[in-house]
Amino acid sequence: MTYKASLGISSIVITAITSMLLIGFNSFLIYRTIVTQDILESVVATLMIFLLSGLYAMAYLYRTLSYSVSKHVLTIVRPIKDVNISIKDIKDAFLIRKESMQWTERAGGNGGIFGFYGEFKNGYGDMTWYATKSNNYLMIETFQGDKIVLTPNDKAMVKEIRQLIGK
C-alpha cells in the first residue's frame, strides 16, 4: 500500500522562505554579472548561481514523496534514488510522540527544504530521516541497528509494517 507524505507547515514555510531568498540572491548575482566590468566578479557570481541552484535542485530531487509497503519491501519514494528496506531486515516499527523528538540535532542532511532527511540524532541515538513534517513520527529499527524515521500522513502504516514483521 502507498502512504502519502505531505509537507508539514514548517517545511512549507522553510521551503518558501528559502525559495524567495534564492530567487532574490540569484537575481542580484545576475544583475552584478551583467553590470560589472570585473571578469573575476562575473565568474564568482556565475559560480555562486550554479552552486546555490544546484543545492536547491538536489534538495528537490531527494525529497520524500511517499512511502510504499509491499509484502517484501518498504520503499521511500523520491524523484531520484528510491530507498528500499527489506521487510525481513526490519526488527521493529513504532510511533514516537512529538515531544520525544524536540531536542533532535541535525548531524548532516536537510533541515526543512522540501522536508527533513539525512542524519539526525537525539536520545534515540543516530537516526536517518526521510520525513516531511514534524508529527506522525514512525521509527523503523533494523536488525543491523539502523534507526529510520518516516512521517506518513496515515499512522496506519505502522500497523501494516508490524503485521508484516510478525509483531
[Y] side chain reached by [X] side chain, heavy atoms, under 4.5 Å:
X	Y	result
Met1	Glu160	yes
Phe25	Met48	yes
Val149	Met101	yes
Ile30	Thr46	no
Lys98	Ser134	yes

Using modelled atom types only, decide if a donor and an acceptor are shared between the side chain of [X] and the backbone of [Y] within a distance under 3.5 Å.
X	Y	value
Ser11	Thr132	yes
Thr33	Ala45	no
Ser100	Ile96	no

Work out which heavy atom in Lys155 is nearest to a heavy atom in Asn136; give both atom names and the distance.
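Heavy atoms only, the tightest pair is CE-OD1, 2.9 Å.
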
For Leu65 against Arg78, the heavy-atom pair lying closest together
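Nearest heavy atoms, Leu65 then Arg78: CD1-C, 3.9 Å.
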
Distance-only donor-acceptor check, side chains [X] and [Y], under 3.5 Å:
X	Y	value
Ser6	Asn153	yes
Asn26	Ser53	yes
Asp89	Thr142	no

Please check if the distance between the ring centroids of Phe114 and Tyr60 is under 6.0 Å.
yes

Does the plane of the ring in Phe94 sit parallel, tilted or perpendicular to the ring in Tyr124? Use 30° and 60° as the thresholds.
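Tilted, since the angle between the ring planes falls between 30° and 60°.
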
Within this structure, what is the NZ-CD1 distance for the pair Lys81 and Ile76, rounded to the nearest 0.5 Å?
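Between Lys81 NZ and Ile76 CD1, I get 12.0 Å after rounding to 0.5 Å.
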
Measure the CG-OG distance between Leu22 and Ser27 for me, rounded to the nearest 0.5 Å.
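Going from CG on Leu22 over to OG on Ser27, the span is 8.5 Å.
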
After noting the C-alpha distance and the side-chain angles of Tyr67 and Val77, does the key distance pass the side-chain contact (heavy atoms from CB on, under 4.5 Å) rule?
CA-CA 6 Å; Tyr67 311 103; Val77 180; over 6 Å; no

Cluster overlap [X] with [Y], hydrophobic side-chain contacts below 4.5 Å:
X	Y	value
Tyr3	Ile87	yes
Met139	Ile165	no
Phe143	Ile140	no
Met58	Leu7	no
Ile90	Tyr130	yes

How would you list all residue pairs meeting side-chain hydrogen bond (donor to acceptor under 3.5 Å, both in side chains) that involve residues 101-111, not counting sequence neighbours?
Thr104-Asn122, Asn110-Tyr117

Pairs involving residues 21-50, ordered by first then second residue, that meet salt bridge (Lys or Arg N to Asp or Glu O under 4.0 Å) (sequence neighbours left out)
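Sorted pair list: Arg32-Glu41.
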
